Amino acid sequence: MPQRRVMFLAALIRRLFLVLLFAMLMLAVADNNHSRPYYKDKVAVLVYHHVAPEDLGSVTITPELLDSQLKDMKRRGYHFITMEDFRSFMGGGAVLRNAVLVTFDDGYKSFYTDAVPVLSKHQVQAVNFIVTEFIGSPEKSTIPSLSAAEMTRLADDNSAELQCHSHALHKQVNPKESYLSGRLEHAGRKETDEEYTTRIRQDTLACSNELRRFRSKADAYAYPYGMSNEKVPGILREGGIRYAFTVQPGIAGRKTDWMEIPRINAGSPFMTPKRVHKNIMRKLH
């Protein structure tokens with residue numbers, strides 16, 4: 001082989017090696033960017049509702065969208081934690097950087113059939129806030145709810161932590177008040193303070209007692225429709241609730257009120273993986 005051709009091939013090999021080396025360095029930088037600590041000593045709590053193969057509304061996403069969201073978050077360096085991790089964090093314990101807690105409201109059957117397979121794939125344990133009045137008759141809710149058998153399997157498999165979304169207060173008195181936050185009428189008059197307090201306390205105990213059948217600690221609560229008032233946190237505490245979750249967007253930190261924990265909506269069909277990330281970043285400031 002002529003010497004000139006050998007020199008050409010050697011130069012070409014060196015050039016290819018440098019290009020490959022540069023590409024590897026760029027990938028390393030990209031990986032470091034995705035795993036950088038966006039935040040420390042904070043938890044982004046995501047909220048979902050219904051998961052179904054076809055989009056049926058503003059709070060419904062497909063299993064494919066849920067999968068792409070979780071995959072993207074792991075790629076970016078987010079770390080998914082459990083409710084037990086969250087308890088430890090709120091009590092002063094350490095938490096992983098870029099921590100995320102996944103929650104679902106309403107206790108729909110779709111959580112078992114369509115969400116859990118995706119969550120398990122990504123090794124994510126979610127919290128599901130259950131409306132317990134439908135446990136015995138899951139077909140009576142507007143969207144089919146989890147049955148007792150399905151909830152038992154979720155508890156046995158440790159696929160989810162089951163928590164309270166009220167027993168029978170997931171209804172609205174009017175557009176601004178739920179059965180939890182508003183006063184009901186009895187014989188043409190509104191409830192007294194004592195009647196109201198008794199009703200909320202009894203409902204909370206009913207929800208907690210139902211959930212304990214499924215080995216729940218029954219110490220967390222999601223406000224129906226995100227509606228509360230100045231009396232509700234105290235009544236819930238009397239019923240054993242220590243953590244209450246809102247629908248107000250934000251990031252939970254060391255100074256967050258345990259009864260006013262913010263959550264970021266990720267359960268909309270418009271919530272692309274990129275948008276979920278952007279919404280978390282927006283709430284850091």
Side-chain angles (χ1 to χ4, degrees), residues 39 41-51 61-91 93-132 135 145-165 207-208 210-222 241-245 251-252 258 261-267 271 273 276-277 280:
Y39 52 90
D41 293 325
K42 294 181 180 179
V43 178
V45 185
L46 303 183
V47 57
Y48 296 88
H49 290 80
H50 188 31
V51 178
I61 65 170
T62 64
E64 291 75 20
L65 179 54
L66 176 61
D67 179 67
S68 64
Q69 287 178 352
L70 300 180
K71 181 179 179 181
D72 182 74
M73 293 189 78
K74 291 178 76 172
R75 182 180 65 84
R76 291 180 185 273
Y78 287 98
H79 295 101
F80 294 99
I81 65 171
T82 66
M83 184 63 198
E84 195 58 44
D85 296 326
F86 186 77
R87 289 186 185 93
S88 174
F89 164 68
M90 295 301 281
V95 73
L96 295 169
R97 67 184 183 185
N98 308 335
V100 175
L101 177 66
V102 175
T103 69
F104 282 74
D105 282 4
D106 301 329
Y108 293 138
K109 181 183 182 70
S110 66
F111 177 76
Y112 183 83
T113 57
D114 294 285
V116 167
V118 178
L119 295 169
S120 298
K121 172 184 173 182
H122 293 284
Q123 299 181 309
V124 176
Q125 184 197 67
V127 183
N128 199 311
F129 294 100
I130 310 294
V131 181
T132 55
I135 293 176
S145 295
L146 290 164
S147 67
E150 289 163 343
M151 290 174 63
T152 297
R153 286 193 286 270
L154 289 171
D156 288 345
D157 297 341
N158 205 30
S159 301
E161 181 161 329
L162 306 177
Q163 290 289 350
C164 193
H165 202 28
C207 185
S208 298
E210 282 286 325
L211 288 173
R212 288 193 182 101
R213 294 167 47 199
F214 308 97
R215 300 199 301 277
S216 172
K217 290 186 177 181
D219 63 350
Y221 195 102
I241 301 299
R242 299 185 66 204
Y243 313 94
F245 292 78
I251 306 292
W258 290 21
I261 300 166
R263 294 188 290 176
I264 292 173
N265 176 33
M271 280 295 171
V276 172
H277 172 66
I280 293 174

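These numbers were taken from a predicted model, which means no experiment stands behind them.
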With no hydrogens and no angle check, is any side-chain donor or acceptor of S110 less than 3.5 Å from a backbone partner on H50?
-> no
> Does a side-chain N-to-carboxylate-O contact under 4.0 Å join R153 and D156?
Replying inline: no
Distance col, row L162:CG vs E150:CD, nearest 0.5 angstrom, shows 11.5 Å
To the nearest 0.5 Å, atom CG of L70 lies from atom OH of Y78 at 12.5 Å
Note, L154 side chain near L146 side chain (heavy atom, < 4.5 Å)
yes
Value for CE (M151) from CG (N128), rounded to nearest 0.5 Å, stands at 8.0 Å
Shortest non-hydrogen pair, G107 vs I130, comes out as CA-CD1, 3.6 Å
For C207 and H165 the tightest heavy-atom approach is SG-N, 4.1 Å
Here the gap from F111 atom CZ to D106 atom CG, rounded to the nearest 0.5 Å, amounts to 12.0 Å
In this structure, OG1 of T152 is separated from CZ of F214 (nearest 0.5 Å) by 5.0 Å
Side-chain heavy atoms of I135 within contact of R213, under 4.5 Å: yes
- Is any side-chain heavy atom of S159 closer than 4.5 Å to a side-chain heavy atom of L119? no
Worksheet entry | Contact check, side chains of F80 and H122, non-hydrogen atoms, under 4.5 Å | no
Output for pair (H277 NE2, N98 CG), nearest 0.5 Å, gives 9.5 Å
Practice task
Please confirm whether the backbone N or O of M271 pairs with a side-chain atom of Q69, one donor and one acceptor, at under 3.5 Å?
Solution key: yes
Check whether any side-chain heavy atom of Y39 sits under 4.5 Å from a side-chain heavy atom of I280, and report yes or no. yes
Using atom types as modelled and distance alone, determine if a side-chain donor or acceptor of T103 lies under 3.5 Å from a backbone N or O of L46. yes
Is there a side-chain contact between R87 and K217 (heavy atoms, below 4.5 Å)?
yes
Exercise. Do R263 and L101 come within less than 4.5 Å of each other through their side chains, counting heavy atoms only?
Worked result: no
ask   = Is it true that the side chains of D85 and S88 contain a donor and an acceptor less than 3.5 Å apart?
value = no
Note: W258 and R242 closest approach over all heavy atoms is CZ3-NH2, 3.1 Å
Tell me if a side-chain donor or acceptor on S68 pairs with a main-chain N or O of L65 at a distance below 3.5 Å. yes
Note: A252 and I261 closest approach over all heavy atoms is CB-CG2, 4.3 Å
Check: Would F104 and V51 count as a side-chain contact (heavy atoms from CB on, under 4.5 Å) if you check the C-alpha gap in whole Å, the side-chain angles of each, and the deciding distance to 0.1 Å?
Finding: CA-CA 10 Å; F104 282 74; V51 178; 3.7 Å; yes
Taking C-beta and beyond as the side chain, do F86 and V127 meet within less than 4.5 Å on heavy atoms?
no
Smallest heavy-atom separation, A99 atom then L96 atom, equals CB-O, 3.3 Å
N/O donor-acceptor pair under 3.5 Å between D67 side chain and V118 backbone: no
Smallest heavy-atom separation, Q163 atom then L211 atom, equals C-CD1, 3.3 Å
Short side-chain to backbone donor-acceptor contact, Y221 and F129, under 3.5 Å: no
